[in-house]
Amino acid sequence: MKITDPPRSAERRKDDVLSRLARETDIWVATADDAGLPCLVSLWFVWHREAVWLSTRITSPTGRNLRDGGRARLALGDTLDVVLLDGEVTVFAPADVPEAAAGALRAKTGWDPRGDSPSADCPAGQPYHWLQSQ
């Protein structure tokens, strides 16, 4: 591979990142448990009010790791133009998520996790929780 384009300015890189956060639907979420076992999954997300909002069941490995560890590394894009975001995570129960954040995810993806019912592989009483990374 030969790189021939000049580097982008800091302002241009920031504009490109904000554009991708608005446009893309999936984000890679990297976490680790207390023993250091890594977990990497792709989740739908929305960039809303300068934070990444996503939702997963708190009983999943990713949900537990985000709740217990309080940190996440998020990534989008390919290896030629990857965006990495490290952030502190705040967990919200379904009833506590700000309506504006839930509405932003619904508008972007067509999905509102608050209305999802448990599936066969995830018994009742295990709703989706919301996670905000800043």
Side-chain angles (χ1 to χ4, degrees):
M1 176 175 87
K2 184 175 179 181
I3 299 174
T4 58
D5 293 334
R8 293 174 286 180
S9 68
E11 182 179 327
R12 174 64 191 265
R13 287 195 315 268
K14 180 179 178 181
D15 289 345
D16 289 348
V17 168
L18 291 173
S19 175
R20 290 179 75 181
L21 287 167
R23 180 181 71 245
E24 296 194 24
T25 305
D26 299 306
I27 197 161
W28 288 101
V29 180
T31 63
D33 65 15
D34 290 339
L37 182 67
C39 181
L40 179 65
V41 298
S42 178
L43 297 174
W44 281 351
F45 81 99
V46 66
W47 176 250
H48 176 71
R49 296 193 179 156
E50 299 191 13
V52 171
W53 287 86
L54 46 90
S55 185
T56 190
R57 295 192 195 276
I58 207 71
T59 54
S60 72
T62 298
R64 285 191 308 270
N65 294 345
L66 291 170
R67 177 195 63 205
D68 298 345
R71 294 196 53 76
R73 172 163 281 182
L74 309 172
L76 42 95
D78 56 45
T79 57
L80 294 178
D81 194 19
V82 69
V83 175
L84 295 175
L85 305 167
D86 289 317
E88 301 291 324
V89 174
T90 304
V91 179
F92 293 83
D96 298 330
V97 65
E99 181 59 39
L105 183 72
R106 184 177 53 249
K108 184 176 185 180
T109 66
W111 178 54
D112 187 342
R114 297 171 300 174
D116 250 16
S117 58
S119 61
D121 62 340
C122 192
Q126 297 181 8
Y128 284 87
H129 279 63
W130 290 76
L131 303 127
Q132 176 193 39
S133 180
Q134 292 185 302

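Between atom OH of residue Y128 and atom OG1 of residue T59 there is a gap of 9.5 Å, rounded to the nearest 0.5 Å. Atoms CG and CG, from N65 and D34 in turn, are 8.0 Å apart once rounded to the nearest 0.5 Å. A distance of 11.0 Å separates CG of D16 from CG of L21, quoted to the nearest 0.5 Å. The line from CG of L74 to CG of D86 is 8.0 Å long, rounded to the nearest 0.5 Å.
Under a cut-off of 6.0 angstrom, the local environment of CZ in R12 is sparse, with at most 12 non-hydrogen atoms contributed by other residues, nucleotides or ligands. Heavy atoms of other residues, nucleotides or ligands lying less than 6.0 angstrom from CZ of R106 number more than 12.
Here the closest heavy-atom approach between residue R20 and residue D78 is recorded as NH2-N, 4.1 Å.
Panel note: side chain K108, backbone E24; a donor-acceptor pair is recorded below 3.5 Å.
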In residues 87-103, what donor-acceptor pairs under 3.5 Å come from side-chain atoms, sequence neighbours left out?
unit_1: E88; atom_1: OE2; unit_2: R71; atom_2: NH1; d: 2.3
unit_1: E99; atom_1: OE1; unit_2: R114; atom_2: NH1; d: 2.8

Solution key, residues 43-56 side-chain donor-acceptor pairs under 3.5 Å, sequence neighbours excluded:
unit_1: W44; atom_1: NE1; unit_2: D26; atom_2: OD1; d: 3.2
unit_1: S55; atom_1: OG; unit_2: H129; atom_2: O; d: 2.9
unit_1: T56; atom_1: OG1; unit_2: S60; atom_2: OG; d: 3.4

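By the criterion of side-chain heavy atoms lying less than 4.5 angstrom apart, applied directly or through intervening Ile, Leu, Val, Met, Phe, Trp or Tyr residues, L84 is not grouped with L18; the two fall into different hydrophobic clusters. Grouping the Ile, Leu, Val, Met, Phe, Trp and Tyr side chains by contacts below 4.5 angstrom, directly or via other members, places L40 apart from L131.
Using a 4.5 Å cut-off on side-chain heavy atoms (C-beta onward), L85 and S133 make no contact.
Pairs of residues two or more places apart, or lying in two chains, never qualify as ring pair (Phe, Tyr, Trp, His ring centres under 6.0 Å) while including a residue from residues 68-91.
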